[in-house]
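For reference, the structure is listed below as structure tokens.
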Protein chains: 2
Amino acid sequence: MAINKKQSFGKKEQDLAECAKALAHPARIAILKVLAQHNECICGEIVSVLPLAQSTVSQHLKELKNAGLIIGTVDGPRSCYCINWKAFEKFNREFSFLFNHLKTEQACC
Amino acid sequence: MAINKKQSFGKKEQDLAECAKALAHPARIAILKVLAQHNECICGEIVSVLPLAQSTVSQHLKELKNAGLIIGTVDGPRSCYCINWKAFEKFNREFSFLFNHLKTEQACC
DNA sequence: ATCTTATATCGCAAATATACGATTAATAAA
DNA sequence: TTTATTAATCGTATATTTGCGATATAAGAT
């Protein structure tokens, strides 16, 4: 893999892929599910619910945060995460926009 | 990474993550975009449009096909791909379902 | 000041993904 | 039958992800 080929695609494609990558692990889906159901900040609870070590969960949280899908704030000795709904809506919008062309009738297959 | 931890999550989480993984590369987003715009089967055209070798494109097509997002049929010496809109709609549905809880008001962050 | 609790980060090992050239397979064209 | 053409697969190198234990950090409790 000589060079990073990802750079040679459009920004929209890259952003969408980036976002999808953050969703591309069941642990991260599970984290988002927990956050969505609570709709308020939790932290160690996620660790206790998932079948993963604390350090691994922390890493997954970091990835979701880097992708902008969740927001994290520090609250004393503990951290507080919640879903960034705006980012999700944006993802949905971009995603639909990209594929909502001509999907009326199938010409083949 | 001792064991495959992905197995220890629910089927829905796994399926969603699997689908997201297929979307987690700009090349595959670009392929889907081309297919969506044409709405008819093309094949070598994809290779000529993307900045990647033929074998690499073929690999990406295979992944999209395995994830069920596209359908491929053989047509003589050439292959013919198109988007599986049903799979996309299912993905959208599952995705929304998972996160459309309580997103009315934000309690934190 | 020391201890406890909650999280993040580091370093490493194993697993996967990405990319390509070379080769194969399968059909059409000569 | 030989020769192109099109696309899939194989082998391989490199990059990235996943996961954990150990350690660091930061604040509250004693």
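This is a predicted model, so every value here is computed, not measured. Heavy atoms only: backbone and side chains are in, while hydrogens, waters and symmetry mates are out. We name chains A, B, ... by the order of the sequence lines, and we start the count at 1 in each one.
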Closest approach of [X] and [Y], non-hydrogen atoms and distance?
| X | Y | result |
| --- | --- | --- |
| B/Ile70 | B/Leu61 | CD1-O, 3.6 Å |
| A/Trp85 | A/Ala36 | CH2-CB, 4.1 Å |
| B/Ile46 | B/Ile31 | CG2-CG1, 3.8 Å |

Atom-to-atom span, [atom1] of [X] to [atom2] of [N] - whole angstrom:
| X | N | atom1 | atom2 | value |
| --- | --- | --- | --- | --- |
| A/Arg78 | C/dA8 | CZ | P | 12 Å |
| B/Glu45 | D/dT6 | CD | C1' | 13 Å |
| B/Ile31 | C/dA19 | CD1 | P | 10 Å |
| B/Asn4 | C/dA17 | CG | C1' | 14 Å |
| B/Asn66 | C/dA17 | CG | P | 11 Å |
| A/Lys6 | D/dT16 | NZ | C1' | 8 Å |
| A/Leu50 | D/dC20 | CG | P | 11 Å |

Report task. Answer yes or no: does a side-chain N or O of B/Tyr81 lie under 4.0 Å from OP1 or OP2 of D/dA8? Result ->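 Answer yes for this pair, as a side-chain N or O of B/Tyr81 is under 4.0 Å from OP1 or OP2.
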Report task. Kindly say if B/Lys5 contacts the phosphate of D/dC20, meaning a side-chain N or O under 4.0 Å from OP1 or OP2. Result ->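 Yes.
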Ignoring hydrogens and angles, write down the donor-acceptor pairs under 3.5 Å from the side chains of residues 12-22 of chain B, residues two or more places apart or on other chains.
unit_1, atom_1, unit_2, atom_2, d
B/Glu13, OE2, A/Lys33, NZ, 2.8
B/Gln14, NE2, B/Lys6, O, 3.4
B/Gln14, NE2, B/Phe9, O, 2.8
B/Asp15, OD1, B/Lys11, NZ, 3.3
B/Asp15, OD2, B/Lys11, NZ, 2.7

Query raised in the report: Are the side chain of A/Ser58 and the backbone of A/Gln54 linked by a donor-acceptor contact shorter than 3.5 Å?
Result: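 Side chain of A/Ser58 to backbone of A/Gln54, a donor-acceptor pair under 3.5 Å: no, none is there.
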Query - Test side-chain contact (heavy atoms from CB on, under 4.5 Å) applied to B/Thr56 - qualifying residues, sequence neighbours left out - result: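 For B/Thr56, the residues satisfying side-chain contact (heavy atoms from CB on, under 4.5 Å) (neighbours in sequence not counted) are B/Leu52, B/Ala53, B/His60.
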Query - Contacts of type side-chain contact (heavy atoms from CB on, under 4.5 Å), residue B/Ser8, not counting sequence neighbours - result: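 Testing B/Ser8 for side-chain contact (heavy atoms from CB on, under 4.5 Å), a comparison that skips the adjacent residues, returns A/Pro51, B/Lys5.
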Query raised in the report: Hey, what do you get for CZ (B/Phe91) to CG (B/Asn84), rounding to the nearest 0.5 Å?
Result: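 So the gap between those two atoms works out to 13.5 Å.
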Query - Strand-adjacent residues in residues 52-64 of chain A, judged by heavy atoms under 4.0 Å from DNA chain C - result: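 Those residues are A/Gln54, A/Ser55, A/Ser58, A/Lys62.
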Query raised in the report: Does any residue of residues 8-30 of chain A have a heavy atom under 4.0 Å from DNA chain C, and if so, which ones, in number order?
Result: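 Listed by number, there are none.
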Query raised in the report: How would you list all residue pairs meeting salt bridge (Lys or Arg N to Asp or Glu O under 4.0 Å) that involve residues 58-71 of chain A, not counting sequence neighbours?
Result: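 The answer is A/Arg28-A/Glu63.
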Query raised in the report: Under 6.0 Å between the ring centres of A/Phe95 and B/Phe95?
Result: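 No - the distance between ring centres of A/Phe95 and B/Phe95 does not fall below the 6.0 Å cut-off.
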**Report entry** Counterpart residues, side chain to side chain donor-acceptor pair (under 3.5 Å), relative to B/Gln59 (two or more places apart)
**Finding:**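 For B/Gln59 there are no side chain to side chain donor-acceptor pair (under 3.5 Å) partners, ignoring immediate neighbours.
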Any protein N or O atoms within reach of nucleotides 27-30 of chain D? Criterion: under 3.5 Å, listing atom names and distances.
none

